[in-house]
Each structure stands twice: as C-alpha cells, then as structure tokens.
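None of these values were measured; they are calculated from a predicted model. Note that these values count all heavy atoms, side chains included, but never hydrogens, waters or copies made by symmetry. Each chain gets a letter, A, B and so on, in the order the sequences are listed, and its residues count up from 1.
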Amino acid sequence: MKPYDHKEIEKKWQDRWATDNLYKTEGEVGQKKKYVLDMFPYPSGEGLHVGHPKGYIATDVYSRFQRMKGYAVLHPMGWDAFGLPAENYAIKTKTHPRIAVEKNIARYKSQLSKIGFNYDWSREINTTDPEYYKWTQWIFLKLFEKGLAYQSFEPINWCPSCQTGLANEDLEGGVCERCGSAVEQKAMRQWVLKIREYADRLLDDLETLDKWPEHIKEMQRHWIGKSEGAEIEFKIKDQEQAIKVFTTRPDTLYGATYLVLSPEHTLLDTLRESIQNQKEVNTYREQAKSKSEIERVAEGKEKTGVLLEGVLAVHPATQEEIPIYIADYVLAHYGTGAIMAVPAHDERDFAFAKKFNLPVKPVILPDGFVDFDLFIESQEKIEAFAQKHIEKHGPYLGNGKTINSDTFSLLESSDAKKKITAFVSGKITNTYRLQDWVFSRQRYWGEPIPIIHCDTCGAVPVPEKDLPVRLPEVEHYEPTGTGESPLAGIAEWVNVTCPHCGGGGKRETNTMPQWAGSCWYYLRYVDPHNNEKIFDPKREKYWNPVDVYVGGAEHATRHLIYARFWHKFLYDINVVSSAEPFTELHSVGLIEAEDGRKMSKRWGNVINPDDIVENVGADSLRAYEMFMGPFENAIAWSTNGLVGTRRFIEKVWRMQTLVTDAPVEALETILHQTLKKVGDDIESFKFNTAMSQMMIFLNAVEKEGTIGREQFEAFVKILAPFTPHIAEELWENLSYTQSVHLEEWPKHDESKVVLDEVEIAVQIDGKTRGTVLVSPTAPEDEVITIVSNNEKLKKYLETLPKKVIYRAGKIISFVL
RNA sequence: GCCCAGAUGGCGGAAUUGGUAUACGCGCACGACUCAAAAUCGUGUCUCUUCGGGGAUGUGGGUUCGACUCCCACUCUGGGCACCA
C-alpha cells in the first residue's frame, strides 16, 4: 500500500471533478430537489481565513449527502462585490474598483477550490456584473412603479469624513463603520423603500418558518417591534391644533399629568406665535439636532427638556389643563412623535417628573394588591396607599385594576384600554419600531438608481429596454464635497433626454446600498445567464424556495429581513411563486483564533486555509471543522485538534489493508448504527456527532483487525460527503470507475441496529448500584429475578421494595 | 437597562430530550517498537476514600423513585437592541 499523500490525491480528484463536470446541476428534470445555499461572500482584499469555510463545508457535506439520497441538488456560489472596501481601495490606489474585485475574486476562488467544494461554478454570479445588476435595477423600477420607492428630505445620518449618507444599518456604535468619525444629522435627498408596509406580513409569516431557529425569529420580531395601543388627541387651549399621541397604555390616561413632544415635532413651528420662551425652545431644538442618537445616550439617564410657556393642553377625559414639554427622549420617528406622560406607570416619565417636579398620579394597582372594597368607603385611603407604594418601589408598570379614573375606576386594564379609548374618541392602532429603509448612497461603487429627473415630469423611470444603466468611468472615486456621488461630476452621463417628454433630464446620481444585490441573488442562480428575463419562471418554480440557507447570525435582522421584504414584493407582483425565500435556516458559529480573539490581520492571528490544505490536506481541514463542536457554536481554532482528524484520516487509509471478502459479523451492529446515525446527524446539522460516530466505527474495526469488503464500501460512502478526496481514492482502489459521489447513500437495516442484549442500570433508592444484561424487551418480573440472583445486587433486595419502576432497555429502579 | 443564548474534566465537547454523567477527539503519564527520536501501537487518565463507598455538570433552593435535562432565585460569559411611549 502506498503511503497517504494528501497533495497527490486532492489534486488528482479536484482536476478530475472539473473535467468531468461532476457537480453541474442538470435540474428541472422532474426529480425531487434540494436547493442548498451559503450566504455569498464579500471578496475582501484579505482573502479567506479558516473561519470562513466552516459554513461552506457544512453545506458541502449536506448537499453531497442529499445528492446521494437521490435529490437534484442546486448548490451555487457567487460574489457580493459592491461596497465600500473596494471603493476605498480604489480611492487610495487610483485603480478602478473592478480591478480590485476581479483580483479578490480570483484569490477567493482559488482558496475555495483547494477545499474541494461541489459548487456548480457554471452558475457563478457577481453583483457588480452589469448583466446581474440590470435585474437589481429592474426590481427597483418595479418597486418605484408600485409606489414603494420614494424620495425624502428627512434628516439622515451623515459622516463628515466620508461625506456620505449612511443608513442606520451602516453605523457601528454611533460612528461611521468605515472611518470611525462621529456621525451627524443632515437633511439630504434620499431614496427610501417602504418596508413598513410589509411589517405585519414580515412579522406574521415568521410563524410559518418552523425550520428557522427560534432565537433568530425572536430577534426579527423585536426588530419589527409591533406595539398595540391607541392614538389619542389632546386639544391645545385656545388653539385650533391638537396634539396626537400614541400610547400602549390608554388605561392609564387619567394618570397623564403632562405631554412631551419630540424636539423635531412640526407643531412647534405652527405654535411659534404662542410659545413665549421661543428662544429657549429653539436652543434646545438646535442642541437636539446636532446630537446623534448616540450622543443622547452617552449623556446617560439624566433627562433633559424644556417647558413650552404660554401653551397648555387639555386632558381629553378630565378637561384639566396640563403642561407641554419638549424632550429628546421622545423620538420623532416613533409613534406620533408625541407622548402623554404617565409618571406613575412609566420609568422615563417618572424620572422626568421627578426632575421637573411634576405631579405623579397613580391610576393602576396590581390585582389582589389591596382589598378593593376599601375603595367604596375611602378613595383617599387607596390613593394614599398607591402613592406610598410608588415612592417606595418606583412606578408600577404592569397591568391591574384602574383607580382614580372617574367612571372607569375598578376595571381590568384590558377592559379599561378599550373603554377609555372609546370615551375620548381615540383610535386603537399599532405602531412599529421598524423604519422605512434609506436606500441610496452618495457613492461610486454601487448600482446606479435607474431614474431620470425632469423639470416637467419629475422622477421618471429609465425604460426597461435601456437597462442596465451602466456605471460610467470616472476620474475620481471620492464623493464630491457637496455630498453628491462622483457620478454627478460627469456631465455627458448625467445629461440625457427625458424618456417621458423628450425634454432635458438629469440622471439620478445616487447609487444603491450594498444590501441591494444580496436581496435577491438566490433567485438569479436558478437561471443566471438569462438576458431576456430576470429568470425563466419554470426554473423558478422548480428550484424555489431555498431549502437550506446557511450563514452568520449577524445577518439575522438586516439581510434576512431585507431579502424577505423583496421576496414578498416579488411574490405580490407574481415574479416568484412562494411567500418566503428560505425554508430552513442555520447560523454558523465563528471560528476564533487560538488565542480566543477574533481572527484578524490586526492581531496577527489569522490562519490561512491554504497553509492547512498544504500541510495536512483539505480532507483533514474539512473533517476538523465539522468535528470541532456544535455547528452554531463559536469555537477557538486548535491546531492540536486538527492533528486528531488527520490521524483519523490516516487510519481510514490504512483500513484498506484490513479488507476481507466475507462480512465481519461482529461489525454488523455498529456498522448499521453508524449508517443510521451519520445520516440522521447530517440531516439535522449535527456534524460533530456524525464524525465521532465514524471514529467509533473505525475503532471497532481496528479492534477486530478486519472488515468485510461490503462493510468497507458502505463506510467509504458515508465518509464521502465529509472527506470527498480520500473517499474517491479509496473507491477507485476498490476497482470502481464511477465517482463515489454518484453512489446511492447506503440504507441501514433497522433489525441490525437493535442489540439482542443491553446493559441496563439498576438503581436502589435513586443510586445506581450496578448493571445487568437483559433483552431490551424483557418483562419486568424477569429482570427482577435476574437482579435478585446477581451476587453484587441481591443484598439490596433482602427486604421487599415499596415500589419498582422499570423502563425496558434503560433502567430498573427499586424504592426500598 | 431590556431581550436572546450559554456555563459539563487540563482543553473542544457527548448524553437516546427525565433514566448508568464525562462518548469521541486533543493533551498528559507509563509501556512496546527503536542505538535514539519521530511516527505507530498498547494501558491509564473527574475527584476524595479507611476500598464499604462518598462527592462532582456555574451558585443556592425546589419537583421527582431518578435532574446536565424541568421550576424558582442568583452569579458570570457571549450576542443583539438601546430613552420605542
């Protein structure tokens, strides 16, 4: 037998798979299908480290397994290549971002190819390819056509250093993700997508995703942040206007002792005449404007605000006159931008009331807290009691029974909510944390937004036949000083005729954010070379939705919500045939560096997969990353651990010399247990226990010193998804000419999985005192007889046990 | 501050979902082979013990014949959100 030479073997099979087009997906052949997808990478200049392929290895194992189970498998790969790093590299080196992207992709592809993935490279896509972004622009036009894309001058996050607008999604800890500068607020014209119109469906349909991890769905629920409550109007004394507030607690209306407006509230402009301390108010508003939300937070919990002098609100239920404040703890973009403050039952209102010495009026008491009969004889007593309770414990936030609320006293919260809202002609309504999505960037390296601005016709869509709107060549990649994109400087590109009236028009110079391309890429893989349509609907119907989607948990809320949003939109306009894009989702845990930190160039702790493949081979790397622990766990890389899987592979190699013609009877049970467990574990993404089961089987073979040929063949087949190169070589050595990856997954024989005799535990008063060998189906009295005849155990059964609990095949427990 | 997840040997982890805790791998120790080393193979490896047993799954309680698993309180770690009315 030749010694195991991973370099020779891996090169040989990678070349052969490529020449034979082994992984080319035929598809649409009436066969059952699995669409197995990785979140496609951004090809950065740093190349891959060993953490990146972990998820790709998992989907590789999974898709090879499903192919052996008889499924048509779609398992493609591509590149999410727009975005800031390539552009900043371009600014620095004055090379076109396309050049850097091409180079990085080549590097990534070379790194990936050495690991032996079964991607169908004929379907490779690249978001920066005009043939791809033509369709990203096409989807934008559809969104525009349906009124879901609009322009807005609302204040946006602005990085003074990069001179570009940033969505909330692009901020990290309040500073620009890119350059670290503090972000300011600035009004800019932006394109915005109405994702809020889909909030309820994005929320409700989470219930249909029963193969998604619960904690990711929980994060999305929180991100959408639906609150049920009521809108209630407070009239302003001696004025036409009213203030509309949103509250989740209309049952506490009688406890509202003042109102608070956000500093951005438009009423402040309309009421200018009446506000007597205009100067003070303006100063506060200016301060709030210059502060980012992060700065507000950095100031701590200390509440700030200003009383509006000269205006008073009228409480809609009591007709009492109450003061109005502005304070930056009330946010313009949430609810109605105004609140009724109930200091007795809200933490923030309470803190504010304490600071400004405002009345605290309790109107809710917990159920069963006091004897409510007292209320009838002494309302004052109850109020005093509630007052004291709040002084001692702070505001009471829960539901309960109303007090101090006129005719609505002594109602349950839920009942009071409806009745009080109706009494003041309020409206039961919902509000959402989810904000509409700022969808434009003043950047070069993104998809041009296909819109032409015309003085007479307004924003006019570029006709579909003129797509793609290609990114023009520019001199400079930097944003302009005014904050416009560098595209604005190219007169011959900007100035066009209006497609509507034929007059003079100007192209939109904003580009799309990096998220755009990744919102729908999984759809393009089904028909990546179609130039007539976004894809052939027949192919879409066959392959979609994605059956198994794998990627980092950091995408739980952004990418996964944006993609679901676009998918639902495409569903509504009959472009896709499913309401949800991803049926099953798994998040992959990080691989940390051996020192426990994140792998990063900065710490000098990066391990390049190329080196691992060179030294111990791709199969060892793959086996190690699957064996290292539960798939979703973050685990530190261990070079020692890698040694273990390399040893395992060498032992598998040596197993060839142990093969005999006849099956080894003693291995039958463990073999069939292994066939069953490995299959079940791959299906449920428990690759670590699948690996250990194969190791257990190998240990059993070594103990026997021999293995039957058929038994060995079955083992090679189940090994093949994990370590495809050595499996292929072993298969060839068994004189087969067709690839092992086209073999059928070996079926286990259920009758062989079960043992004739099992060892069960014997417990006396809850303590395990020994074990006995019995048939897994033995009746209780037979087991008791065996135990009472056991030399070691019979002494415990000298007295008759009070109780016997018997679980066949598992345990017998005696209570004395 | 709120939400989610987690805590098991020297290390990564396993545990049929309430039934013999520590599978599998790493590391370590000893032995075989060798002039020697590496590689390989074998044996051992939670802990205390008076050798009868006792104690251990972050801490303290509880439910149960029986708890890593369920319940209550707490500590710590990781992730997410952050003045959301």
Side-chain angles (χ1 to χ4, degrees), chain A residues 174 213-223 225-227 229-230 245-249 252 256 260 262 293-294 296-297 299-304 327-331 333-342 345-349 351-352 431-435 553-554 556-557 587 589-590 592 623-624 627-630 632-645 647-648 650-651 654 677 680 686 688-699 702 759-771 801-807 809-816:
Chain A
E214 194 48 49
H215 69 271
I216 291 191
K217 290 196 276 182
E218 195 56 39
M219 283 164 81
Q220 292 209 352
R221 286 185 197 109
H222 190 235
W223 187 271
K226 178 174 181 171
S227 310
V245 305
F246 175 77
T247 177
T248 54
R249 296 295 303 272
T252 65
V260 187
S262 75
E293 274 183 36
I294 306 308
R296 292 184 188 184
V297 175
E299 279 176 24
K301 300 288 167 200
E302 186 71 24
K303 295 282 176 286
T304 61
D328 61 10
Y329 80 96
V330 173
L331 303 177
H333 61 251
Y334 188 77
T336 60
I339 62 155
M340 63 176 209
V342 185
H345 304 292
D346 183 277
E347 293 277 6
R348 290 152 301 155
D349 298 346
F352 192 86
T431 193
Y432 301 87
R433 208 182 78 98
L434 183 72
Q435 295 170 45
E554 70 273 19
T557 43
S587 46
L590 275 180
E592 294 151 356
Y624 172 62
F627 180 61
M628 66 194 299
E632 64 282 5
N633 280 21
I635 302 169
W637 176 265
S638 159
T639 301
N640 273 336
L642 177 69
V643 169
T645 49
R647 268 181 211 152
F648 167 72
E650 286 176 13
K651 287 177 185 183
R654 270 181 255 132
K677 182 160 177 60
D680 290 351
K686 282 152 58 177
N688 56 329
T689 49
M691 282 297 304
S692 71
Q693 182 63 36
M694 290 193 287
M695 290 173 176
I696 290 168
F697 177 72
L698 178 135
N699 291 346
E702 288 187 338
E759 202 180 39
I760 71 163
V762 180
Q763 286 190 351
I764 314 291
D765 281 338
K767 296 216 180 290
T768 305
R769 295 296 175 180
T771 58
K802 276 198 212 107
K803 198 174 165 188
V804 181
I805 296 122
Y806 175 57
R807 297 280 178 271
K810 288 177 179 168
I811 200 163
I812 187 159
S813 180
F814 298 93
V815 186
L816 298 182

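Annotated as anti: G61(B), whose glycosidic dihedral deviates from 0 by more than 90°. Applying the 90° criterion around 0 to the glycosidic angle, U17(B) comes out syn. Applying the 90° cutoff around 0 to the glycosidic angle, G54(B) is assigned anti.
Lys686(A) is linked by a side chain to side chain contact (heavy atoms under 4.5 Å, CB included) to Asp681(A), Ser684(A), Asn688(A), Thr689(A), counting only residues two or more places apart in sequence or in another chain. Residues satisfying the salt bridge (Lys or Arg N to Asp or Glu O under 4.0 Å) criterion with Asp346(A), sequence neighbours excluded, are Arg348(A). Taking the side chain to side chain contact (heavy atoms under 4.5 Å, CB included) definition, one finds that Gln763(A) meets it with Thr768(A), Ile811(A), Ser813(A), sequence neighbours left out.
Asn640(A) comes within 4.0 angstrom of the backbone, heavy atoms only, and of no base. Residue Lys802(A) is classed as having no contact, given no heavy-atom separation below 4.0 Å to the nucleic acid. Across all strands, Ser638(A) comes closer than 4.0 Å to no nucleic acid atom at all (heavy-atom distances). Using a 4.0 Å heavy-atom cutoff across all strands shown, Ile805(A) reaches at least one base atom of the nucleic acid. Within 4.0 Å (heavy atoms only), Gly766(A) reaches sugar-phosphate atoms of the nucleic acid but no base atom. When heavy atoms are screened at a 4.0 angstrom cut-off, Ser227(A) is found touching the sugar-phosphate backbone but no base atom. Across all strands, Thr248(A) comes closer than 4.0 Å only to sugar-phosphate atoms, never to a base (heavy-atom distances). Using a 4.0 Å heavy-atom criterion, one finds that Glu759(A) contacts the bases of the nucleic acid, with or without backbone contacts as well.
With hydrogens and angles disregarded, no donor-acceptor distance shorter than 3.5 Å links the side chain of Tyr334(A) to the backbone of Thr431(A). Arg433(A) places a side-chain N or O within donor-acceptor distance of the main-chain N or O of His222(A), the cut-off being under 3.5 Å. One N or O on the side chain of Asp349(A) and one on the backbone of Val342(A) form a donor-acceptor pair closer than 3.5 Å.
A 4.5 Å side-chain heavy-atom check between Thr771(A) and Ile760(A) finds every atom pair outside the cut-off. A heavy-atom distance below 4.5 Å is found between the side chains of Thr645(A) and Met695(A). In this structure the side chain of Phe648(A) never reaches within 4.5 angstrom of the side chain of Tyr624(A), judged on heavy atoms.
Of the listed nucleotides (G19(B), A23(B), C4(B)), G19(B) has the atom at the smallest distance from the side chain of Ile811(A). Counting only heavy atoms from C-beta on, Thr771(A) has its side chain closest to U20(B) among U20(B), G53(B), C4(B). In this structure, of A5(B), C24(B), C83(B), it is C83(B) that holds the atom nearest to the side chain of Asp328(A). Across C4(B), C84(B), G25(B), the shortest atom-to-atom separation from the side chain of Asn699(A) is found for G25(B).
In this structure, His222(A) places its NE2 atom 15 Å from C1' of A5(B), rounding to the nearest Å. Atoms OH (Tyr624(A)) and C1' (C24(B)) sit 14 Å apart, rounded to a whole Å. Here G18(B) presents its C1' atom at 10 Å from CZ of Arg807(A), a figure rounded to the nearest Å. Distance Met694(A) CE to G25(B) P: 13 Å, rounded to the nearest Å. Regarding Gln220(A), its CD atom lies at a distance of 15 Å from the C1' atom of C3(B), rounded to whole Å. In this entry the distance linking NZ of Lys767(A) with C1' of G66(B) reads 10 Å, nearest Å. What separates CZ of Phe648(A) from P of C26(B) is a distance of 12 Å, to the nearest Å. Atom CG of Asp346(A) is separated from atom C1' of G1(B) by 13 Å (rounded to the nearest Å).
Proximity of Arg348(A) to the phosphate of C84(B): a side-chain N or O atom is located under 4.0 Å from OP1 or OP2. Between Lys803(A) and U64(B) there is no side-chain polar atom (N or O) within less than 4.0 angstrom of OP1 or OP2.
The C1' atoms of C30(B) and G19(B) are separated by 37 Å, rounded to the nearest whole Å. Remark: the separation of the P atoms in G60(B) and A67(B) is 16 Å, to the nearest Å. As rounded to the nearest Å, C71(B) and U64(B) have C1' atoms that lie 12 Å from one another. Atom C1' of A23(B) sits at a distance of 33 Å from the matching atom of A73(B), rounded to the whole Å. Spacing of C1' atoms, C4(B) relative to A14(B), comes out at 25 Å, to the nearest Å. Distance check on atom P: G1(B) versus C11(B) gives 30 Å, rounded to whole Å. Between C70(B) and A15(B), the two P atoms lie 14 Å apart (nearest whole Å). Atom C1' of A21(B) sits at a distance of 8 Å from the matching atom of C68(B), rounded to the whole Å.
Under the 4.0 Å criterion applied to side-chain N and carboxylate O atoms, Arg221(A) and Glu218(A) are assigned as salt-bridge partners.
Take the nearest nucleotide of RNA chain B for Asp765(A) and for Thr768(A): the residue whose nucleotide is more 5' is Thr768(A).
Between Ile216(A) and Ala556(A), the closest heavy-atom pair is CG2-CB, 3.9 Å. Across all their heavy atoms, Ser227(A) and Thr248(A) have their closest contact at CB-CG2, 3.7 Å.
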Problem - Annotated protein contacts, base or backbone, on nucleotides 11-16 of chain B with a non-hydrogen cut-off under 4.0 Å, one of B, S, - each - result: -BSS--

Practice task
Encode nucleotides 38-48 of chain B as B, S and - characters from 5' to 3', where the letter depends on protein heavy atoms closer than 4.0 Å: B to the base, S only to sugar-phosphate, - to neither.
Solution key: --SS-------

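Scanning atom types as modelled, one donor and one acceptor separated by under 3.5 angstrom connect the side chain of Gln763(A) and the base of G19(B).
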Exercise for the section: State the dot-bracket string of RNA chain B. Criteria: Watson-Crick or G-U wobble, both atom distances under 3.5 angstrom; notation: ( ) intrastrand, [ ] crossing earlier pairs, | interstrand, . unpaired. Expected result: (((((((..(((......[....)))((((((.......))))))(((....)))..(((((..]....))))))))))))....

